Amino acid sequence: MVNLSSLNPVQKEAVLKTDGPVMILAGAGSGKTKTLVTRITYLLDDKNLSPHQLLALTFSNKAAREMRERIAHEIPGLDIGSLQITTFHAFCARLLRSEANFLGLSRNFTIYDEGESKAIAKSLLERRGISTKEINPYEILSYIDGLKNNGYYPGRDMAEGADPSDEYFGYFEEYESELHRANAVDFGGLITAVIQLFEKFPDVLNRYQNRYHYVLVDEYQDTNRAQFELIKMLCGKRRNICVVGDEDQSIYSWRGADIRNILDFEKIFPDVQVLKLEQNYRSSKTIIEAASHVIQKNTLRKGKQMWTANPEGDEIDIVECFNDKEEAEFVAQETAKLFNAGVSYKEMAVFYRSNAQARLIEDSLRKYKINYRVVGGVKFYERKEIKDMLSYMRLIINSKDSLALSRIINVPARGVGATSLRKLEIEAVNANSSLWDIIEKIVDSQRASGEDFSHIKLSAKIKSSLSEFVTLISELRLLDENKVKPSLIYEKVLHESGYHSFLKANKDYETLARLENLDELLNAITQFEESAEVPTLSGFLETITLDTSSEFDEAAIPNSGEVSLMTVHGAKGLEFTHAFVVGAEENVFPSYRSVDGGESAMEEERRLFYVAMTRAMKKLYVTFAQGRMLFGQVKFNGPSRFIDEIPEKLFTWKKLSNTSRSTEFHSSWGGKHDDNYDPYDQSQETKYGDEEVVYQIKETAATPRESYHQPKFPKGSKVVHSLYGSGKVEDSEGSGADEKVLIKFADGARKKFMVKFAPIVMA
DNA sequence: GTTGCGCAGATTTTT
DNA sequence: TCTGCGCAAC
């Protein structure tokens, strides 16, 4: 029997309410995974559900793994293999392979990743003689992706957003036939193909509906329309559907996630039981109150009221830095300080909005000899040499994978260059066949009878190269068919293709790294062989395209570990006792893209900020720089609007001043500071140099910002902005902390400012 | 087929 | 400012 005693009342309900539609809105740090795991354990243990009758869908492999492990821990002796806790994509891929014949796919289809999809889009443009300057392939791809995210597949009665008269609709159809020709499916297509399968073959759907008695979806706020439709179909019969999500943590709309899935769930399932997990077990009261306050500004939400029984905790530090360098220095010094006070590095994290911000932070952490690691970054499987090897292996599995073939036909050089390849491609398109089939036929026609390919002008040398290539791949294919171990096939590919010696011919530093990567790949394959039930080459390939979490268990540094650096997106789902949110400036966080991207874009930024804040357990630092080097220019963006949304009583505003700046100065950013200080005064500038500077933190009491009833800069006043020069207030609204002014400058430009942040004074 | 120059563009990336 | 890419010249 499952022990429910450690659950709170709502969590308990979420476990026990097994039948019918349930939506669990689980706030950050509310014990979501624990609840889910208990629910599943309850179904299996107390309700005697057979493991294969349960389907739990997640977004990331990491989440799936974690849940599986925890359940295994709860129910010793459970046959984990029969538990279907998997990602949407892996679930669909698996289903499609076993039902491939229905859709005219063959079960060895390749899964194309984004890069490969883009390559197709590009080649479609090329084929039409359109330069990538006129139309960015990415636009085509987003269009196609958009359709798929909405559940569209060719020939389907149209879903939302698809219109055959769309400018790019023709590309969509062509793209799909290209995929088909390559016996390939892209990420979005994995989902839509299953929808298609279910719609066209109700019997198949019926089978799956009967199999899964309970369907559970994690991170529901991240589902797109297609995934939602899929879920609806799967649970159509029994309606035992449980979705778990948090609309406030929906940060992937740009990837197709549709927040309406969560907002409108009750419309689709009117009898749904909605449960809100509102108690936070992670963070201090201060952090929860601050984060709640920020997120409340959003309108697109169901509304939860987070609370916590945790202690009040420390105040949040808002740290005003002179520039981005000083910000990085601060992070390093503060990190060191915390470390000396007994906090281990692995309990600290730095979150930034965009990857580019990592560099300066890294530099200063290095300077202070602080262990850190950057989470995310260049993916292992995206490295050239790795993709090359994978292409060989993919071609072995799926001969129609023309993208793989064209990638490696001349790597190492075989004299089959772009021109020859182009000829072959044209031939393949005309014959509606694959590159491989064409090449094979040409080679055959050489040897004996066969078709006549004399219209393709290829030199004898090239033809013999092609012949050798065909032999090579065919032999390797035979190995795979005879179930030779993937690692062995890999080694054969590496050496017999000549790739290894081709690399070794170079002796530079880069090559060395590449060879190491190739060893690493072998490691990965071996590891796969040890863990997989049936270690096949195609299984390995599928695992790595659908599981990008690449990093083979990061060898954790003993004792104190490392400070984690990551984007806010990367931070979702994690927690740290001490967290730094850096670059909290307008146009940085929120990103400039969202600043003029409409209200819903801004709401997503706000959710991001909320996610960032709620990662912190004990202490949260929010830092911003007055001036920041952006696109080669120093920009003065002013503090993020999200800082302003944190109640003042919860933070201490700290202004850094370093000893190299002799002048005693005060900030002009907050209304609570002295207005005479000009942050842009060159004489006070910190140099972008390497000299060691020691910062003193000047604490400014967070005095409540009482509101003035008179605007400071009424309409008509003449003012001077330290960056934009002199101008006149054309319009003014609000007063005190909310006062905003519209200024027309001497050069005619009009700009709007928050008075409390803008460096403006009366002329 | 490689090298190099010039130019545009520059968030986020669970699969 | 930095990078990645397309295209032109060797």
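Note that the coordinates shown come from a computational prediction; the quantities given were computed from them, not determined experimentally.
- Taking the six-membered ring where the residue is Trp, the centroids of Phe88(A) and Phe91(A) are separated by 6.0 Å or more.
- Residues passing the side-chain hydrogen bond (donor to acceptor under 3.5 Å, both in side chains) test with Arg394(A) are Glu116(A), Asp401(A), sequence neighbours excluded.
- Residue Asn410(A) contributes atom CG, which lies 12 Å from atom C1' of dT2(B) at whole-angstrom precision.
- Here dT14(B) presents its C1' atom at 15 Å from CD1 of Ile111(A), a figure rounded to the nearest Å.
- Applying the ring pair (Phe, Tyr, Trp, His ring centres under 6.0 Å) rule to Tyr220(A) yields the partners Phe265(A); only residues at least two apart in sequence or on another chain are considered.
- If you measure from atom CG of Asn224(A) to atom P of dT14(B), you get 16 Å, rounded to the nearest angstrom.
- Taking the charged nitrogens against the carboxylate oxygens, Arg414(A) and Glu468(A) have no contact shorter than 4.0 Å, which rules out a salt bridge.
- Across the protein-nucleic acid pair, Gln249(A) atom CD and dT14(B) atom P stand 16 Å apart, rounded to whole Å.
- Computed from coordinates, the Lys118(A) NZ to dC5(C) C1' distance equals 10 Å when rounded to whole Å.
- Summary of the strand contacts: Lys572(A) and Gly415(A) both lie near DNA chain B, and taking for each the nucleotide with the nearest heavy atom, the more 5' one is attributed to Gly415(A).
- With P as the reference atom, dT11(B) and dG4(C) are 12 Å apart, rounded to whole Å.
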Taking protein heavy atoms under 4.0 Å as touching, what does nucleotides 3-13 of chain B look like 5' to 3' if B marks base contact, S marks sugar-phosphate-only contact and - marks none? -------BBBB

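- Look at Asp246(A) and Lys572(A) and you find no salt bridge, because none of the NZ, NE, NH1 or NH2 atoms lies under 4.0 Å from a carboxylate O.
- Straight-line distance from the NZ atom of Lys384(A) to the P atom of dG4(C): 15 Å, rounded to whole Å.
- Separating the P atom of dC5(C) from that of dT12(B) is a span of 15 Å, rounded to the nearest Å.
- Atom-to-atom, CZ of Phe502(A) to P of dG1(B) comes out at 13 Å; the value is rounded to the nearest Å.
- If you look at Phe172(A) and Tyr152(A), their ring centroids are closer than 6.0 Å.
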